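Computed from a predicted model, the values in this text were never measured in an experiment. Residue numbers begin at 1 in each chain, while the letters A, B, ... track the order of the sequences.
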2 protein chains.
Amino acid sequence: MTGTKRAREGSGRVKLEEVASAANVSTATVSRVFNEPEKVSEAIRERVKEAARALNWIPNAAGRALASSRTHIMGAIIPTLDNEIFAHQVGGMQAVFSNAGYTLFLGCSNYDPLEGLRQAEAMLARGVEAIALVGESHPAELFAALKARNIPYVVTYSYSTRSEHPCIGFDNRAAFMRMTNHLLSLGHRRFACIFQPVANNDRVAARLAGVREALAAAGLQLADEDLLIGPSTLEFGAESFSHLMTRDGKARPTAIVCGNDNIALGALMAANALGLNAPKDFSITGFDDLAISSRFTPRLTTMKVDNQAIGTLAANQLLAIVAGQQASPKSEEVVPVLQVRDSSGPRPEERG
Amino acid sequence: MTGTKRAREGSGRVKLEEVASAANVSTATVSRVFNEPEKVSEAIRERVKEAARALNWIPNAAGRALASSRTHIMGAIIPTLDNEIFAHQVGGMQAVFSNAGYTLFLGCSNYDPLEGLRQAEAMLARGVEAIALVGESHPAELFAALKARNIPYVVTYSYSTRSEHPCIGFDNRAAFMRMTNHLLSLGHRRFACIFQPVANNDRVAARLAGVREALAAAGLQLADEDLLIGPSTLEFGAESFSHLMTRDGKARPTAIVCGNDNIALGALMAANALGLNAPKDFSITGFDDLAISSRFTPRLTTMKVDNQAIGTLAANQLLAIVAGQQASPKSEEVVPVLQVRDSSGPRPEERG
DNA sequence: CTGAAAGCGCTTACAG
DNA sequence: CTGAAAGCGCTTACAG
């Protein structure tokens, strides 16, 4: 015998049980109609669907999650939405997940690893089935927590065959080696770099390493004074360019490798103000291929990355794993395309 | 008597019950320690916290949600992350929610109202406690579903005292009236507009209405042939500008009002190519104040909106409501700031 | 201040 | 193919 009736407030919403009585079947059957329809005869299936529709029943995800240990929730942690690169990636993921009946939790770390960890923990508590992380610069605890709970994950935007994580992205080091080699092949020997901060950012650190490696192979090296690091803004690009071109007693660099297009565009704006022109007086390169980069004067030499594809591939990998179609994520490379345009050319001394 | 033991797979995770036995208290007490700590004596509180820490217990959100009817999840539906305007808004919300212990579901409609509805329904099924929607152009069913379940919501980016929804944003119509009046006050009489699509976009429709209203007040009206509508790209801005300036037998407009900065910047690039200069030969305005707009040559006259603030305000409103501190959302206005720069000036004929 | 136990809304092994 | 019922992991009214 049960005891006294407790006054417990339900959600007030229509529940599966009511659909079951309306359709004159058990709750098990209603559940099957929506989760394993092939196990239910067509006649009953239709009757149940009709009842559900008539009652406007929407399943309660918490009850479902509790009973099945599946939440149909995915998570993504990115540095910031202020950068369109990550925004496009999230857009790509979101579309794929939504199509597959998954909802996406979004967290932004603002380049603070502890904040990223906090957000990941919040997602784990809410039962995300899998998670996508931008880059590898995360606290060891984060990866440990994922492994302890057996939550599949992929690292995006980075790619390296030596990584201990499944990666979907590109090799930032290789990309910047290619870019530097492009400039070396044009005869440049005096290089400078204007980069965004490398702290807590394995992708940017790899880019810089790529520049250094390509230079070293040509017997060159980047002096500390020729490496300027600061915020990824037009302003910082502009200031840095002016600084490099007006230093007392220092020869001007003929090739400037920028960490991204935004910085490079800022530098080109400063060049206009100083009356210097690329590629006549110097060459400069970016990375990202922003919409404006191919329309700016001069058209900017840069590399294009299909960020939406990175998001799409990452989402599909994670879906395949949680669906049991695949044991573990496999790395995939999305190779950036070098776009040689007007801002890079032969080094000034070699012109006719 | 209970029947035979069923083999049911749990999540395998540490659960509240284990914390309770470890700390030698009831499950009710463990729950109280984390949800209503003031009801538990300090000694027990510490003992329980210690046990939870030692066992590395993370509460199961589904169990919690089912028992309490609270999910601590918020939702946001935006058109697209490809537009930094919305990305900034989401970034602002995300930070506030995360701080308050809420996780954010993100959905993108890609300007398709039915897709927005679908995503909202997915969020409702997962029990979001409140929702932020960009704009008012959503199917009536969406608002009906929110009202039926008594889910608080705010509309962002739009703002109108006549709206039937709580709004956090600005009055797009008023903003474009101000911009148009700025150009009228400079003596312009021949206007053209280059705008992004108005379909399913109440904000853009309101902007255009604002231009028309200001012109009407000055006894002018916008001819169909002087209104160009197309994608919000640099390319469309450039093409449209060239078209307006090279039409046979038509006088050139002296003032061009663009729907946003991106279109205006494209137009200015085309102007450079045609050898036309603002504000000498024509005036042009944008909207958004992108980072590049104040650094472009000529510096673009535009309006700046604090999108992050819109996100922050929206998030705080929704939090206050679900916390019971406020009965319903109240509209708040975030007024755009007119930035008069070099791209607008007196109409050509009036120059000395 | 604390505990025993019902209940939140589903899914799923078991039995038929 | 279908149903009766246990169970998922929490919270909370009730009793003390």
Given [options], identify the nucleotide with an atom nearest to the side chain of [X].
| X | options | answer |
| --- | --- | --- |
| S68(B) | dC8(C), dT11(D), dT2(C) | dT11(D) |
| N60(A) | dG9(C), dG9(D), dA4(C) | dG9(C) |
| R32(B) | dG9(D), dT2(C), dT2(D) | dT2(C) |

In terms of relative ring orientation, are Y102(A) and H72(A) parallel, tilted or perpendicular, with 30° and 60° separating the classes?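 Rings of Y102(A) and H72(A): tilted, 30 to 60°.
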How many whole angstroms separate atom [atom1] of [X] from atom [atom2] of [N]?
| X | N | atom1 | atom2 | answer |
| --- | --- | --- | --- | --- |
| R13(A) | dG9(C) | CZ | C1' | 9 Å |
| R64(B) | dG9(C) | CZ | C1' | 18 Å |
| E17(B) | dC8(D) | CD | C1' | 12 Å |
| L16(B) | dG9(D) | CG | P | 11 Å |
| R70(A) | dG9(C) | CZ | C1' | 18 Å |
| F34(B) | dT12(D) | CZ | C1' | 17 Å |

Might you point out which heavy atoms bring [X] and [Y] nearest each other, and give the distance in Å?
| X | Y | result |
| --- | --- | --- |
| S98(A) | Q119(B) | OG-NE2, 3.3 Å |
| I310(B) | I168(B) | CG2-O, 3.5 Å |
| A76(B) | I131(B) | N-CG1, 4.5 Å |

Does a side-chain heavy-atom distance below 4.5 Å link Y153(A) with P329(A)?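 The answer is no; the side chains never approach within 4.5 Å.
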Quick one: are V334(B) and Y159(B) in side-chain contact, heavy atoms under 4.5 Å?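 Sidechains of Y159(B) and V334(B): no contact.
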Is there a donor-acceptor contact under 3.5 Å from the side chain of N307(B) to the main chain of Q89(B)?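 Not at all, since once roles are kept as given, no pair shorter than 3.5 Å links the two residues.
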Let me spell it out: for each of S41(B) and G63(B), pick the nucleotide of DNA chain C with the closest heavy atom. Which residue's pick is nearer the 5' end?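 The residue closer to the strand's 5' end, by nearest nucleotide, is S41(B).
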Please list, by residue number, the residues of residues 18-30 of chain A whose heavy atoms come closer than 4.0 Å to an atom of DNA chain C; answer none if no residue qualifies.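 Contacts with DNA chain C under 4.0 Å: T27(A), A28(A).
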Suppose you measure atom C1' in dT12(D) against the same atom in dG16(D); what distance do you get, rounded to whole Å?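 It works out to 16 Å between them.
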Which whole number of Å gives the distance between the P atom of dA6(D) and that of dT2(D)?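 Nearest-Å result for dA6(D) against dT2(D) at atom P: 23 Å.
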Tell me, which of residues 42-57 of chain B have any heavy atom that sits under 4.0 Å from an atom in DNA chain D?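 Result for residues 42-57 of chain B: W57(B), sorted by number.
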Write down the partner of dC14(C) under the Watson-Crick or G-U wobble criteria, each distance required to be under 3.5 Å.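 Pairing partner: dG3(D).
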Is there a side-chain contact between S31(A) and the phosphate of dT12(C), meaning an N or O under 4.0 Å from OP1 or OP2?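 Answer is no, no contact under 4.0 Å.
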